Amino acid sequence: MTSAVSYRKEGAIAILTADNPPVNALGHAVRDGLVTGIAQANEDPEVRAILIICAGRTFFAGADIREFGKPQVAPSLRDVHEAMTASGKLIVSAIHGTALGGGFETALASHYRCALPSAKVGLPEVNLGILPGAGGTQRLPRIAGVEKALEMITSGRPIGAAQAKAMGAIDVIVDGELLPAALDYVNRLVAEGAPLRRVSDLQIDAASLPDGFFDAARARLAKEKRGFLAPQKCVDAVEAAVTLPFAQGLLRERELFEDCMASTQSRAQRYAFFAEREAAQIPGLGKEVKARPVASVGVLGAGTMGGGIAMNFLNAGIPVTLVEVKAEALDRGIATIRKNYEATAAKGRIKPEDVAKRMALLTGALEKSALKDADLIIEAVFENMELKKSIFAELDAIAKPGAVLASNTSTLDVDEIAAATSRPGDVIGLHFFSPANVMRLLEIVRGANTKDDALVTALQVAKTIGKVGVVSGVCYGFIGNRMLEPYGREAELVALEGATPSQVDKALYDFGFAMGPFAMYDLAGLDVNHLVRESHRDKLPTNPNYYAIGDAVYKLGRYGQKTQAGIYTYTPGSRTPHPDPVIETLVQSEAARLGIAQRSFTDAEIVERCVYALINEGARLLAEGIAYRPGDIDQVWLNGYGFPVYRGGPMIYADIVGLDKVAAKIAEFRAQYGEEYWPHAPLLEKLAAAGKSFADWREVM
Ligand code: 3H9
């Protein structure tokens, strides 16, 4: 027996216990152990039933994703399930933690399933750009009905044990310790002479499905999961469960699974899965560096940003003291938080009683001295260095020893802010993205003097509040906004050269971005962008075409959605952008003023100009050590800037396109526009010349 699965007998029950930390992924050793264990049980006439159970924190969390893309070593997971189906013994799965993907499929291939009340089951494969490929798309519809199964498979969302029981996916919920409770259950089944109940034998009631059910699902998912391939293939697979006998349905599922697995979307999404987890690991910092406890938080500034930041902690059950200078602003900030919670409760996303519970954790104050006991203080005031420095000097005098002092600056030098205190080791940047209670990214800016445990505290805080924390070094704009600058600059330049702003936006939207750059400016505020540019004009390119459109529109007093006019116009109360001929004319006259000839553009050209600008700057950030890994840059763009998830981020996108092609195109742009706009990125050039990808970046550093 392999060490990944142990075999022992208790009376007439063979117990197969998988132990493959951390999440009992169904890697080769586990699959092999299960097949061997089932064979051993089959040969033992004393054995009446087989119990499959897992050690550690969870039932199988799925196939081992690290094995994907490599040659499969038998037995496959399907072989395991075939062995289960062929066995004449009663097979029961006992679930705790999360039975996900291939793990849930293994449970479904059992004859009976029991689970702890806290257990969850799900088929999250769609999040990896694939579909359940070990019978999940064929078995779940048979057991839970087509509609519920399709919802689970295409959303990827796990459900709790009670809900799973209600839909028939779990037979009994057991209390107390899992093993004895599961053994009781199996013994009961044996005593009752329970039949070998195979899900594959169940019939699907296809007649009860509404006409056009699958086409309607495809159309809905084409909108809800725009650009994603896997959800469409999931529908195909579930449809096969309805139209084909079980064995043929399995074959169809396998074909569709292989299609997905071979897709660049799946490659990108699997890469993103690991990049998200790797972002929390800081080179050179081991597990011996412990996070400081954060049991209370102070937030300075009750504006949109400060309020959103506070909500993250209230949602996590952590008390927040919110400080403002004026009572009116404080009251407004607190009222907005309450209104947000009430709106969320009205939509049924939180329970009505949660509004009061969360609000009870919030205290307003007009004096910074109220922050003296906070473990973490986050400053979220106006983006102005002098103001921030004076606030940090004050906080230095007030905060308790060991408190982490964070600035939510989006561009400013965290080291300069830290120098305003006597404790620069406790100072860090925590750059939240608007709306701060929604966006998943938290850029963590590590100053030159930030202590290791302050950094680890920030990463732990990100995890606690459900964010993806990505560490950036100090530079203007950190990872995200530094890359945003050349991206936006190219969008504007392409418009000056003849594409309309709405064509630029549409090209990038069709590429998969949540919104185009011009619509994003309108959302963020052209006034804000203009002021940020003014604050560091001396460091920006001197070319007069640099952000000429943004500045010209700003000068018209059109600041974006907030004034119902920016690059686009908006009707009151709506966020839908309407192209405006006034702006198209303005762009043309700016082009004429700057002596820029206009021409037509293809969407592909627009995408190349904007996205390659991101890649070039990303390569420079990596070489400078501002970002630790290409995956960190990609996480910033996926979680903070709406880069298409199925493309994995700008750096892996470059790898998929081929760095040779990307570097050659960038060299063309440099020849045309100069080093000021397309500075050399030696790392990119070296990798391209060596036929390598960003995945190999360390080899050429
Ligand atoms: C599948 O099953 C396909 C089948 O249908 C068909 C096959 C033919 N494999 O997230 P965490 C690692 S597809 C390998 O930080 P948590 C993870 O990288 C699979 N490794 O913990 C991390 O490693 P490290 C369908 C995996 O407590 C460590 O475990 N299943 C896998 O926050 C801890 O992970 C899924 O998509 C895996 N399957 O969350 C489930 N899963 O420490 C994916 C995790 O080196 N997993 N690792 O960074 C999850 O959703 C979460 O990990 C889970 C735990 C909820 C389980």
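Remember, it's 1-based here, ligands and their atoms both numbered in the order they're listed. None of these values were measured; they are calculated from a predicted model. FYI, side chains are in, hydrogens and waters are out, and symmetry mates aren't considered; it's all heavy atoms of this structure.
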Interfacing atoms of ligand 1 (cut-off 4.0 Å, heavy-atom, Ala63): 1 (C), 2 (O), 3 (C), 7 (C), 9 (N), 19 (C), 37 (C), 38 (N)

Identity and distance of the protein heavy atom lying nearest atom 32 (O) of ligand 1: Lys463 NZ, 4.2 Å

Element-labelled atoms of ligand 1 that are located less than 4.0 Å from some non-hydrogen atom of Phe68: 3 (C), 13 (S)

N or O pair under 3.5 Å between Glu125 and ligand 1: yes

Atom 14 (C) of ligand 1: the protein heavy-atom neighbour that sits closest, reported with distance to 0.1 Å: Asp64 OD1, 3.2 Å

Backbone or side-chain N or O of Gly133 under 3.5 Å from ligand 1 N or O: yes

N or O contact, Ala61 vs ligand 1, cut-off under 3.5 Å: yes

Spacing of CZ belonging to Phe313 relative to CG belonging to Asn437, to within rounding of 0.5 Å: 12.0 Å

For atom 46 (N) of ligand 1, the protein heavy atom that lies nearest, with its residue and separation: Phe273 CZ, 3.6 Å

Polar side chain donor-acceptor pair, Asp634 to Tyr271, under 3.5 angstrom: yes

Parallel, tilted or perpendicular: ring planes of Trp637 versus Tyr641, cut at 30 and 60 degrees: parallel

Protein contact of atom 47 (N) of ligand 1 - nearest heavy atom, named by residue and atom, plus distance: Val23 CG2, 3.8 Å

Within-cutoff protein neighbour (heavy atom, under 4.0 Å) for atom 42 (O) of ligand 1: no

Shortest heavy-atom approach to atom 23 (O) of ligand 1 - which of Arg66, Glu276, Arg277: Arg66

Student check: side-chain heavy atoms of Leu441 and Lys467 closer than 4.5 Å: no

Cation over ring face, Arg113 and Phe59, 6.0 Å, 45°: no

Protein residue, atom and distance nearest to atom 8 (C) of ligand 1, heavy-atom basis: Phe257 CZ, 3.9 Å

Atoms in ligand 1 flagged as close to Phe274, the criterion being non-hydrogen separation under 4.0 Å: 18 (O)

Pair Asn42-Ser87, side-chain donor/acceptor within less than 3.5 Å: yes

Gln281 heavy atom under 4.0 Å from ligand 1: yes

Close-contact set for ligand 1 against Pro132 heavy atoms, below 4.0 Å: 5 (O)

Step-by-step salt bridge (charged side-chain N to carboxylate O under 4.0 Å, His left out) determination, Glu276 to Arg440: CA-CA 11 Å; Glu276 181 179 326; Arg440 280 193 81 213; 3.0 Å; yes

Heavy-atom check, side chain of Asn24 versus side chain of Arg57, under 4.5 Å: no

Val30 side chain reached by Asp19 side chain, heavy atoms, under 4.5 Å: no

Short side-chain donor-acceptor distance under 3.5 Å, His96 and Ser118: no

Glu443 and Ser472 side chains, donor-acceptor separation under 3.5 Å: no

Contact (N/O only, under 3.5 Å) between Ile65 and ligand 1: yes

Distance-only donor-acceptor hits, side chain of residues 141-153, under 3.5 Å, sequence neighbours excluded:
| residue | atom | partner | partner atom | Å |
| --- | --- | --- | --- | --- |
| Arg142 | NE | Leu202 | O | 3.2 |
| Arg142 | NH1 | Gln138 | O | 3.0 |
| Glu151 | OE2 | Arg157 | NH2 | 2.9 |

Gly101 neighbourhood, listing ligand 1 atoms whose heavy-atom distance to it stays under 4.0 Å: 2 (O), 25 (C)

Under 3.5 Å, which donor-acceptor pairs link side chains of residues 451-458 to any protein atom two or more places apart or in another chain?
| residue | atom | partner | partner atom | Å |
| --- | --- | --- | --- | --- |
| Asp452 | OD1 | Arg446 | NH2 | 3.3 |
| Asp453 | OD1 | Arg292 | NH2 | 3.0 |
| Asp453 | OD2 | Arg292 | NE | 3.1 |
| Thr457 | OG1 | Arg292 | N | 2.9 |
| Thr457 | OG1 | Asp453 | O | 2.5 |

Heteroatom proximity flag, Gly102 to ligand 1, N/O under 3.5 Å: yes

Any Pro124 heavy atom less than 4.0 Å from ligand 1: yes

Per atom 36 (O) of ligand 1, closest listed option by heavy atom (Thr98, Leu100, Leu128): Leu128

Where ligand 1 meets Glu105 - atom numbers and elements under 4.0 angstrom, heavy-atom basis: 4 (C), 5 (O), 6 (C)

Proximal atoms of ligand 1 relative to Pro22 (non-hydrogen, under 4.0 Å): 28 (C), 29 (O)

Separation of Arg252 CZ from Thr243 OG1 (nearest 0.5 Å): 9.0 Å

N or O contact, Arg57 vs ligand 1, cut-off under 3.5 Å: yes

